[in-house]
Protein chains: 4
Amino acid sequence: MDNEKPREACGVVGVFGHPEAAKLVYLALYALQHRGQESAGIVSSDGRTFHVHRGQGLVNDVFNQRILDGLHGNIAIGHVRYSTTGSNMLANCQPLVANYRGGQLAIAHNGNITNAAELHRELEGRGAIFQSSTDSEVLLHMIAQSMSDDFEEALVTSLARIKGAYSLIFLKEDKIFALKDPRGIRPLCMGTLDGATIVASESCALDILDAQYLREFKPGEMVILDEAGARVEHPFPPLEEKFCVFEYIYFSRPDSMIGNKSIESIRNRLGRRLAIEHPADADIVISVPDSSNAAAIGYAEESGLPYKIGLIRNHYVGRTFIEPEERIRHFGVKVKLNPVRSVLNDKRVIVVDDSMVRGTTAAKIVTMLRKAGAREVHFRLSAPPWKNPCYYGIDTPNEGELIANSMTVDEIGKKMGADSIGFLSVEGLLASVPKNVGYCTACFTGDYSAGKPSNFKKTQHDVGREVLV
Amino acid sequence: MDNEKPREACGVVGVFGHPEAAKLVYLALYALQHRGQESAGIVSSDGRTFHVHRGQGLVNDVFNQRILDGLHGNIAIGHVRYSTTGSNMLANCQPLVANYRGGQLAIAHNGNITNAAELHRELEGRGAIFQSSTDSEVLLHMIAQSMSDDFEEALVTSLARIKGAYSLIFLKEDKIFALKDPRGIRPLCMGTLDGATIVASESCALDILDAQYLREFKPGEMVILDEAGARVEHPFPPLEEKFCVFEYIYFSRPDSMIGNKSIESIRNRLGRRLAIEHPADADIVISVPDSSNAAAIGYAEESGLPYKIGLIRNHYVGRTFIEPEERIRHFGVKVKLNPVRSVLNDKRVIVVDDSMVRGTTAAKIVTMLRKAGAREVHFRLSAPPWKNPCYYGIDTPNEGELIANSMTVDEIGKKMGADSIGFLSVEGLLASVPKNVGYCTACFTGDYSAGKPSNFKKTQHDVGREVLV
Amino acid sequence: MDNEKPREACGVVGVFGHPEAAKLVYLALYALQHRGQESAGIVSSDGRTFHVHRGQGLVNDVFNQRILDGLHGNIAIGHVRYSTTGSNMLANCQPLVANYRGGQLAIAHNGNITNAAELHRELEGRGAIFQSSTDSEVLLHMIAQSMSDDFEEALVTSLARIKGAYSLIFLKEDKIFALKDPRGIRPLCMGTLDGATIVASESCALDILDAQYLREFKPGEMVILDEAGARVEHPFPPLEEKFCVFEYIYFSRPDSMIGNKSIESIRNRLGRRLAIEHPADADIVISVPDSSNAAAIGYAEESGLPYKIGLIRNHYVGRTFIEPEERIRHFGVKVKLNPVRSVLNDKRVIVVDDSMVRGTTAAKIVTMLRKAGAREVHFRLSAPPWKNPCYYGIDTPNEGELIANSMTVDEIGKKMGADSIGFLSVEGLLASVPKNVGYCTACFTGDYSAGKPSNFKKTQHDVGREVLV
Amino acid sequence: MDNEKPREACGVVGVFGHPEAAKLVYLALYALQHRGQESAGIVSSDGRTFHVHRGQGLVNDVFNQRILDGLHGNIAIGHVRYSTTGSNMLANCQPLVANYRGGQLAIAHNGNITNAAELHRELEGRGAIFQSSTDSEVLLHMIAQSMSDDFEEALVTSLARIKGAYSLIFLKEDKIFALKDPRGIRPLCMGTLDGATIVASESCALDILDAQYLREFKPGEMVILDEAGARVEHPFPPLEEKFCVFEYIYFSRPDSMIGNKSIESIRNRLGRRLAIEHPADADIVISVPDSSNAAAIGYAEESGLPYKIGLIRNHYVGRTFIEPEERIRHFGVKVKLNPVRSVLNDKRVIVVDDSMVRGTTAAKIVTMLRKAGAREVHFRLSAPPWKNPCYYGIDTPNEGELIANSMTVDEIGKKMGADSIGFLSVEGLLASVPKNVGYCTACFTGDYSAGKPSNFKKTQHDVGREVLV
């Protein structure tokens with residue numbers, strides 16, 4: 001709905017060795033809901049048989065008590081999803097599940113396989129039938145067509161041919177394989193609860209379970225969970241780490257930890273740095289709630305200006321919203337955000353947002369603030385100008401739709417009608433985030449170290465256009 | 001629900017060359033609803049892209065105006081289903097649809113592939129991933145793994161390895177392939193409407209469309225429908241015809257034609273022959289409505305006894321029915337059938353039914369008739385004793401559950417509490433049905449000329465156990 | 001959907017003194033489903049509190065196990081409904097329920113109050129607020145506004161002012177009051193099961209419960225069921241009995257008894273009489289299934305001609321049906337009925353139907369039979385020409401829409417394209433039905449002995465137009 | 001779900017004179033969703049007929065495009081609801097609608113009628129039938145039973161007998177009557193858009209429509225909207241104003257205006273005053289998001305301590321939530337709130353909440369903060385101790401469940417395990433809110449100037465217990 005924000009591809013979770021494995025996965029998916037709101041799914045295993053439920057919608061819509069009660073077994077994996085590849089159809093809900101000569105296999109994937117199109121053609125050439133239009137399905141077929149009857153060997157040789165970004169959780173009848181791609185682009189962490197091992201996209205999924213956070217996966221690391229315990233493998237040659245810096249800026253929940261740092265604290269630092277790079281002579285600092293709150297507070301602290309709540313977000317807004325025919329001006333924004341007049345009236349306002357995609361919402365916010373009495377509006381962004389699409393698991397518009405791809409910062413500020421505008425510099429960004437990690441900044445810099453995909457046409461691979469009610 | 005009757009596997013239909021192809025298929029599925037009530041599906045093609053909708057339930061539940069409006073194109077195929085192989089899960093709804101290197105492919109199947117288990121293993125060995133637990137899916141993989149890039153060639157070489165019973169409709173982007181197995185076990189007929197060609201399991205599906213009935217498919221015949229028109233092929237060496245005689249006895253709708261005979265007329269002949277073989281000194285003849293009406297009328301005509309309506313069927317009974325805890329005697333039967341007291345009172349009653357599976361409903365009917373005042377109850381069946389399971393597309397219980405498999409006719413009559421009992425003889429059956437056709441009578445005689453399957457374990461191939469709401 | 005048939009207003013049922021009262025009512029409503037398919041409802045009482053569930057649709061759609069489990073208590077009443085007054089909105093589902101100074105009250109009504117408009121105005125004048133647009137609601141307000149605090153007295157004085165037709169069941173916290181209007185227009189019978197008393201519109205509702213049929217209510221009779229047992233009252237002066245003769249012709253289920261006669265037997269007599277009054281030189285007799293089967297068999301028996309099944313009804317047709325845009329000829333009929341060609345071909349056919357409303361379906365049937373090969377078509381009806389609307393609980397079109405109101409029998413026959421046509425005479429009708437009962441024949445003769453309503457505008461009383469999904 | 005917070009009874013809105021009246025009401029209800037989440041409803045009028053839709057759930061669940069399209073007319077009123085009286089059943093959804101001798105009438109009510117029980121008995125005594133169990137229904141019956149045929153007169157004489165709190169909107173076929181009780185307890189404001197007049201509980205409902213805020217209703221003021229324009233009446237003698245001070249503290253949305261003050265600004269003042277009354281030697285100030293953010297920022301500003309985000313709220317949590325069987329500690333809170341470890345670690349934390357009901361959530365928050373590393377936890381509340389139930393439209397637990405009713409502040413602090421605790425004083429509260437208004441502080445002081453209800457038993461008036469799916 002909010003097409004002004006980049007959209008995360010997915011959240012993944014796996015639980016090994018807990019009598020209520022599926023329920024723990026369900027709770028963890030709740031905590032990861034911000035990473036994907038189109039579909040949710042859980043596959044559990046009782047050691048021999050898979051139990052599957054997937055559906056479109058929020059975790060709360062897809063699952064109920066009876067369904068969870070039917071997801072037997074002490075092993076389970078789960079997935080929440082936005083579509084980065086593949087249309088939004090039922091067959092694309094993850095975890096994907098398959099029967100093949102090696103038995104049953106399920107997979108939950110966060111990321112984007114950049115050479116999926118080539119692999120797809122090659123697999124079809126050898127007789128594969130594709131049921132979904134997701135890039136993730138090529139993994140299933142690679143394993144099914146593998147020369148090896150040993151699952152781990154089949155998995156490793158298949159992954160060796162995969163390019164792009166992936167945090168992956170595989171479920172076999174009695175095992176979980178969890179791994180991060182060799183550049184470590186997407187997050188994946190590990191925790192423990194009552195002897196069970198839990199892997200998840202973010203640590204907030206551990207918190208909801210009262211589980212203990214152990215550590216973030218290393219790039220290229222694979223962890224095998226089975227009755228024998230947890231075994232760590234590094235099946236691939238090490239590559240330079242390229243952790244997605246946008247996880248800090250926008251995606252991850254502020255209460256999640258990466259290493260020993262809360263995202264909240266890192267965003268505070270981004271805001272402070274932004275205040276240094278782009279100060280303004282103003283009366284108050286406000287945020288575009290809720291994702292920019294931390295950066296706005298950091299900006300206020302560094303600048304010494306008071307932090308105020310100048311915009312209120314309506315949290316009851318659903319995914320579909322019926323507009324009046326005689327359009328109310330800037331309607332889409334009004335449904336979600338409303339200015340607080342007596343806070344803004346006659347004030348010079350610095351408004352902090354975390355990122356800008358098309359710039360249309362930002363322009364509406366400037367108008368809204370002025371109408372509510374703001375004397376000046378200074379727009380500040382706690383990220384650099386977003387100029388390039390992401391091929392590593394973030395749903396972004398075409399280059400042409402990215403406002404920073406075709407306009408200078410000054411032109412953007414003018415178009416938005418702001419009194420001034422300021423984006424955090426790439427240097428400022430890298431100076432504010434943890435130092436012991438390597439980062440992917442392709443969306444800002446165009447440095448696609450993990451490769452660009454050849455042309456992958458989405459619709460071509462749909463298994464018919466599903467006609468829903 | 002009514003586990004006293006054999007259950008037909010499926011009904012199939014295809015329409016080529018009509019601007020409202022999907023709507024015609026929908027109407028035809030309505031007319032074929034008696035052949036399968038678990039799921040319904042339609043796949044249409046606009047010449048390039050498939051449009052798919054499938055769901056569990058009756059045709060009326062699965063489709064609505066909006067869905068039908070979305071099934072674009074002037075080619076469409078459809079399917080209604082009972083499960084003979086594969087559990088009753090969403091992924092098993094037909095038509096099955098797939099993407100493979102040759103493009104898109106959909107398949108609607110009535111019948112049963114007796115060597116599916118062997119083919120399944122072989123296909124998995126070459127890397128196939130199975131999404132459903134139906135025997136029909138092996139066809140998709142055989143074509144996808146075929147050496148040939150020519151669809152028709154791939155189809156024919158694949159079918160050459162298939163054993164069992166099948167009436168099949170394949171949909172490609174711009175073609176329909178319809179065919180009957182070389183023994184012609186399951187029905188399939190052809191008709192025409194406004195220049196469009198229609199293929200369907202029974203002629204009643206043509207009647208609802210006001211289409212003209214052309215003819216029944218010949219055993220082993222394949223018809224290819226495309227822009228060039230209808231082309232007939234006979235890709236397989238001819239085998240002895242083995243048309244399912246149970247289509248006459250019970251499955252097909254009485255208004256359907258096979259050749260130039262209505263099923264109704266054939267059933268009347270079965271009833272007449274039954275009267276000759278098993279007369280009784282009685283006052284009235286009644287039927288177990290509705291499927292036995294025609295045979296009961298034939299029996300009455302031949303015997304000279306009056307035909308009366310002695311049992312009323314409640315047509316509003318749905319699939320699920322909540323029983324009281326303190327059980328009403330013979331509750332299941334009472335919900336569906338109620339005796340007409342003043343018709344039955346003090347009468348010697350001949351009751352005609354078409355077939356007997358477990359015999360429990362028949363016993364309840366005898367009790368019910370006596371309680372309503374019948375002085376004598378003579379049970380007559382317009383089919384021979386059913387002793388052997390069907391492997392060619394009819395859902396039957398295990399041998400042990402077939403009452404005629406373990407009891408003599410006399411024992412059955414005694415167990416039911418009838419004053420007399422009589423089954424039509426196999427000779428009588430064959431004497432009453434059209435002469436120019438060869439028949440499969442395996443369920444009565446055990447003559448499995450089309451082969452018996454090796455052990456095919458259903459659950460083994462499920463892609464996880466689907467947990468539904 | 002089938003606007004060619006008159007539609008019964010309602011079916012009612014009450015159970016007093018059974019631990020599974022609501023479940024028995026539910027089963028009984030199943031058996032009465034033919035009397036109303038728009039909505040269903042049950043109100044139970046645990047002696048102090050009512051438990052209510054009502055909804056639109058068939059009994060099978062409205063209730064499930066959980067709902068039935070929540071309908072506590074050993075007293076319950078139920079209702080299935082077509083709308084004769086009031087639009088088809090949720091608030092009109094019966095039983096109607098109310099709180100008033102006398103406590104709780106629920107009512108299930110079959111019939112039609114002809115002076116409802118006057119009473120409605122009078123009650124509103126005294127401050128009543130109407131929640132439904134049914135005529136039945138005036139009963140609630142009359143009791144609530146009664147001068148008497150004694151419920152029975154309030155009931156009797158209220159009923160004294162009611163005109164028209166009614167079989168009524170009232171539920172109080174610990175009692176059931178069941179009664180028939182003084183002319184006994186609509187049916188109501190009584191039975192017993194395990195010490196519980198059951199009242200219901202027809203005896204088939206007793207049969208499904210395995211309950212014993214006791215007797216039909218007498219005109220003007222009121223039965224009070226409470227802990228003390230069943231007490232019979234006759235609160236009104238006796239009037240000439242006017243039982244609806246159409247219950248015999250069409251409405252009641254053939255297995256229901258009225259007195260010691262099954263409806264089936266009476267219909268057989270109607271068919272026999274019809275054969276005497278309107279013979280034809282023909283080869284076979286067929287019925288328009290299923291409601292005319294009994295009359296057609298009677299006709300065949302009397303005429304000596306063979307009874308054949310010439311039309312097949314599709315019982316899977318639901319309430320909504322999507323038609324193709326390029327209309328198939330006589331589509332509505334084709335969906336429901338299909339001719340049996342080899343039965344009809346080259347035959348002179350007598351087709352027996354039970355009643356004719358607009359005549360459009362009959363005309364389509366004639367065309368359909370001819371197209372299927374019938375050489376001659378002789379249409380026979382086991383009821384007299386229907387010339388006048390019913391004001392006593394049957395949903396009928398306006399006078400102008402009744403074909404027999406504006407055309408002679410010959411004109412009707414010509415319009416339908418039949419070779420001959422014949423309606424049963426009123427004398428023949430009365431000669432065929434039980435003699436010890438007085439009948440209402442207003443729809444045939446215009447003799448409205450129970451009064452005609454002043455103008456009652458339906459929509460005026462709707463509590464807003466309900467906008468449904 | 002969150003039984004730690006008081007719950008607002010309702011939000012109301014009315015639009016007169018706009019071609020898309022129902023859609024504007026729908027949008028306004030979105031903005032008022034925080035005032036009631038159990039049910040939503042809209043009644044529109046096209047000048048002659050009402051169009052009604054109501055349902056249980058959020059605005060987004062209850063309405064869709066088709067329903068809104070069916071709500072014709074340029075007048076409409078709407079309602080969102082929590083139950084303060086009456087159980088949560090369908091019949092209690094507002095607006096209530098009725099037919100009576102004066103035509104159609106709908107009503108949307110925010111507040112609580114303290115003498116409803118007496119009026120209910122009196123109205124029943126005169127023959128009224130109650131359909132809902134809400135106190136609001138007595139208003140309908142009073143008007144229907146009024147001696148006067150003039151609606152306005154009937155309304156005023158009825159209201160003259162009503163005690164308690166009410167902001168009311170009445171809809172007649174062609175008019176809206178909006179009014180506030182003589183003490184002005186609940187909010188109601190007026191605005192204008194394109195010539196249409198809008199009344200609503202809060203000004204945020206005007207903002208979403210881009211409507212212009214005019215003013216808050218005065219106590220006892222009635223505004224009549226019809227074709228002639230807006231007419232203001234003061235039908236009742238003036239009483240001392242008693243505006244609900246809890247609207248400032250918690251209920252109203254922070255962006256709503258009362259007079260020329262945003263609620264946000266008032267809450268900031270409450271926080272500042274709280275800092276003066278209850279300082280603490282600490283490192284950071286955090287809020288319990290989102291309702292306490294403004295007060296926490298005010299506290300931070302006054303105290304000079306940094307404001308930090310120490311708790312994250314999960315906004316995806318739905319109304320139902322399935323818990324694991326082996327309970328996770330403090331599970332209910334964990335689902336909604338998660339601490340930010342690196343913000344809290346080793347810090348002395350002041351946590352500001354807006355009010356305390358049972359105190360159980362507060363205790364869990366203290367534990368949660370300590371577990372996340374907080375060295376000290378100082379709990380501060382921007383409201384006085386809540387000791388007495390509200391009888392004027394706020395859903396509160398029994399006195400016994402209010403922790404401040406039975407414990408001293410010290411005891412509460414000890415029970416929660418906080419290092420210190422501080423509530424705002426009543427004097428501090430009144431010193432911080434706008435001076436030109438009179439306030440109801442009964443929940444803090446027990447001063448029930450608008451009267452206490454006699455015993456009103458909820459269940460007694462339910463029209464049967466509705467059994468839902």
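Both backbone and side-chain heavy atoms feed into the values below; hydrogens, waters and symmetry mates do not.
- Pairing each heavy atom of Gly57(C) with each of Val62(C), the nearest pair is O-CG2, 3.8 Å.
- Residue Pro339(B) touches chain C through its backbone alone, counting heavy-atom pairs closer than 4.5 Å.
- Side-chain atoms of Ser291(B) never come within 3.5 Å of backbone atoms of Tyr250(B) as a donor-acceptor pair (strictly under, hydrogens ignored).
- Contacts with chain B were tallied for Val340(C), Asn338(C), Asn345(C), Leu311(C); Asn338(C) has the most, counting heavy-atom pairs under 4.5 Å.
- Contact of Ile309(B) with chain C is made through backbone and side chain together, with heavy-atom distances under 4.5 Å.
- Below 30°, between 30° and 60°, or above 60°: for Tyr26(B) and Phe63(B) the angle between ring planes is above 60°, a perpendicular geometry.
- In this structure, no portion of Asp61(B) lies under 4.5 Å from any heavy atom of chain C.
- The parts of Gln33(B) that come within reach of chain C are both its backbone and its side chain, each placing non-hydrogen atoms under 4.5 angstrom from that chain.
- Looking at Ala31(B), only its backbone comes within 4.5 Å of chain C, counting heavy atoms on both sides.
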Point to revise | Criterion side-chain hydrogen bond (donor to acceptor under 3.5 Å, both in side chains) on Asp207(B) and Tyr213(B), from CA distance to verdict | key: CA-CA 8 Å; Asp207(B) 293 341; Tyr213(B) 174 72; over 6 Å; no
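- In summary, the side chains of Thr192(B) and Gln212(B) do not present any donor paired with an acceptor at a separation below 3.5 Å, with no hydrogens or angles considered.
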